Number of protein chains: 2
Amino acid sequence: MERNAITLSASETRLAAMLKALGNPVRFRIMKYLASRQVCITGDVVEFTALAQSTVSQHLKVLRQAGLIEGEVEGPATCYCVSAEGLRFLKTQIEAWLPDCCEPIEPASPDGCC
Amino acid sequence: MERNAITLSASETRLAAMLKALGNPVRFRIMKYLASRQVCITGDVVEFTALAQSTVSQHLKVLRQAGLIEGEVEGPATCYCVSAEGLRFLKTQIEAWLPDCCEPIEPASPDGCC
DNA sequence: TCATTTTATCGTAAATTTACGATATAGGAA
DNA sequence: TTCCTATATCGTAAATTTACGATAAAATGA
């Protein structure tokens with residue numbers, strides 16, 4: 001895809017991966033679903049999304065690899081939940097990203113641009 | 001792709017679009033580049049990214065449609081800058097998204113999961 | 001042991017994304 | 001008007017993503 005690999009710091013790379021993972025509407029919803037259930041869930045995500053089990057498993061893998069959720073084998077099933085550390089990272093990074101570059105300094109500007 | 005369209009609210013849809021746009025490392029970098037230059041920029045994004053002009057134009061379009069940047073025709077060129085409103089929205093949404101579901105309530109839990 | 005349950009992984013087809021060159025479009029200068 | 005500059009858009013090829021069914025793998029219960 002990319003001829004010259006774009007250089008990003010480790011933090012930026014992780015943040016971009018998180019954003020990419022959450023940019024998919026299915027994963028976005030899964031994430032909210034997991035958050036709404038404090039409790040860990042497994043395969044009723046399948047029921048929730050009405051997608052094939054293998055598809056859901058794949059989405060969960062993406063979220064897990066992005067560090068947004070955590071999975072733990074619980075008997076025959078796997079128990080997932082939101083990663084507290086991951087979400088803290090996400091929020092912190094977004095918060096600190098463009099600190100106050102975008103506050104409307106001059107309200108005179110109609111659209112804040114140019 | 002999706003057989004059953006995933007239902008998201010308008011805000012969620014916009015947020016997901018923003019996350020998706022920023023999930024691409026090239027666009028991620030362009031965004032930071034635009035932010036570092038308070039001033040509006042046009043085609044030196046091309047020089048910055050070392051990608052084809054048409055490719056950059058496409059990326060800028062995605063960022064613009066996501067409401068993350070604003071473009072304004074300035075003579076023969078187009079002047080881009082970060083959208084203050086867009087970034088405010090992004091930050092607010094992320095902040096409010098999972099308010100305090102993920103604070104480590106019980107430090108006893110080794111990984112905060114299950 | 002043997003079936004059952006729950007997930008993960010594999011292989012694959014369709015859709016989407018990304019990048020490029022070529023081509024239009026629009027504004028400014030000569 | 002005519003040329004030059006700066007972008008946007010079109011068409012297209014390669015890569016990636018997404019979804020599915022089929023198949024493994026792992027733990028529990030009969």
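Lettering of chains follows the sequences in order, A, B, ..., and the numbering in each one begins at 1. Keep in mind the model is a prediction, meaning the values are calculated, not measured. Only heavy atoms go into these numbers, but all of them, side chains included; no hydrogens, no water, no symmetry mates.
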What is the distance, rounded to the nearest whole Å, between atom [atom1] of [X] and atom [atom2] of [N]?
X: H59(A); N: dT17(D); atom1: NE2; atom2: C1'; answer: 9 Å
X: I30(A); N: dA19(D); atom1: CD1; atom2: C1'; answer: 13 Å
X: E74(A); N: dT5(C); atom1: CD; atom2: C1'; answer: 15 Å
X: Q65(A); N: dT16(D); atom1: CD; atom2: P; answer: 15 Å
X: F28(A); N: dT18(D); atom1: CZ; atom2: C1'; answer: 19 Å
X: Q58(B); N: dT16(C); atom1: CD; atom2: P; answer: 15 Å
X: N24(B); N: dT16(C); atom1: CG; atom2: P; answer: 17 Å

query = Taking the side chain of K61(A) as heavy atoms from C-beta outward, which of dT9(D), dT9(C), dT17(D) is closest to it?
reply =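 Side chain of K61(A) sits closest to dT9(C).
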
task = Please tell me which of the listed nucleotides, dA8(D), dA19(D), dT17(C), lies nearest to the side chain of L51(A)?
result =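 The listed nucleotide nearest to L51(A)'s side chain is dA19(D).
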
Quick one: is [N] close enough that its OP1 or OP2 comes under 4.0 Å of any side-chain N or O from [X]?
X: T78(B); N: dA6(D); answer: no
X: Y80(B); N: dA8(D); answer: yes
X: K20(B); N: dT16(C); answer: no

inquiry  = Tell me every residue that passes side chain to side chain contact (heavy atoms under 4.5 Å, CB included) with S11(A), counting only those two or more places apart in sequence or in another chain.
reply    =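 Side chain to side chain contact (heavy atoms under 4.5 Å, CB included) list for S11(A), sorted by chain: S9(A), F89(A), Q93(A).
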
request  = Nearest 0.5 Å please: distance from the CD atom of Q53(B) over to the OG1 atom of T55(B).
outcome  =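 Rounded to the nearest 0.5 Å, the CD-OG1 separation comes to 8.5 Å.
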
inquiry  = Before you tell me yes or no, could you show the steps for M31(B) and L87(B) under side chain to side chain contact (heavy atoms under 4.5 Å, CB included), namely the whole-Å CA-CA distance, both residues' side-chain angles and the distance that decides it to 0.1 Å?
reply    = CA-CA 11 Å; M31(B) 198 66 185; L87(B) 267 210; 4.1 Å; yes

task = With heavy atoms under 4.0 Å as the rule, sort S57(A) into base, sugar-phosphate or nothing.
result =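 Counting heavy atoms under 4.0 Å across all strands, the contact made by S57(A) includes a base.
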
task = Using a 4.0 Å cut-off on protein heavy atoms (strictly under), produce a 5'-to-3' string for nucleotides 21-30 of chain D with B for base contact, S for backbone-only sugar-phosphate contact, and - for none.
result = BB----SS--

request  = Would you sort out whether L51(B) and V46(B) count as a side chain to side chain contact (heavy atoms under 4.5 Å, CB included), showing the intermediate values?
outcome  = CA-CA 6 Å; L51(B) 289 171; V46(B) 173; over 6 Å; no

Flag for R37(B)-Y33(B): side-chain donor and acceptor within less than 3.5 Å =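 Indeed, the side chains of Y33(B) and R37(B) share at least one donor-acceptor pair under 3.5 Å.
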
key: Heavy-atom closest contact (S83(B) atom, E70(B) atom, distance)   =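 That closest heavy-atom pairing would be OG-OE2, 3.3 Å.
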
Can you list, pair by pair, the side-chain donor-acceptor contacts under 3.5 Å of residues 59-67 of chain B, counting residues two or more places apart and other chains?
{"residue": "H59(B)", "atom": "ND1", "partner": "R27(B)", "partner atom": "NH1", "Å": "3.1"}
{"residue": "R64(B)", "atom": "NH2", "partner": "Y80(B)", "partner atom": "OH", "Å": "3.3"}

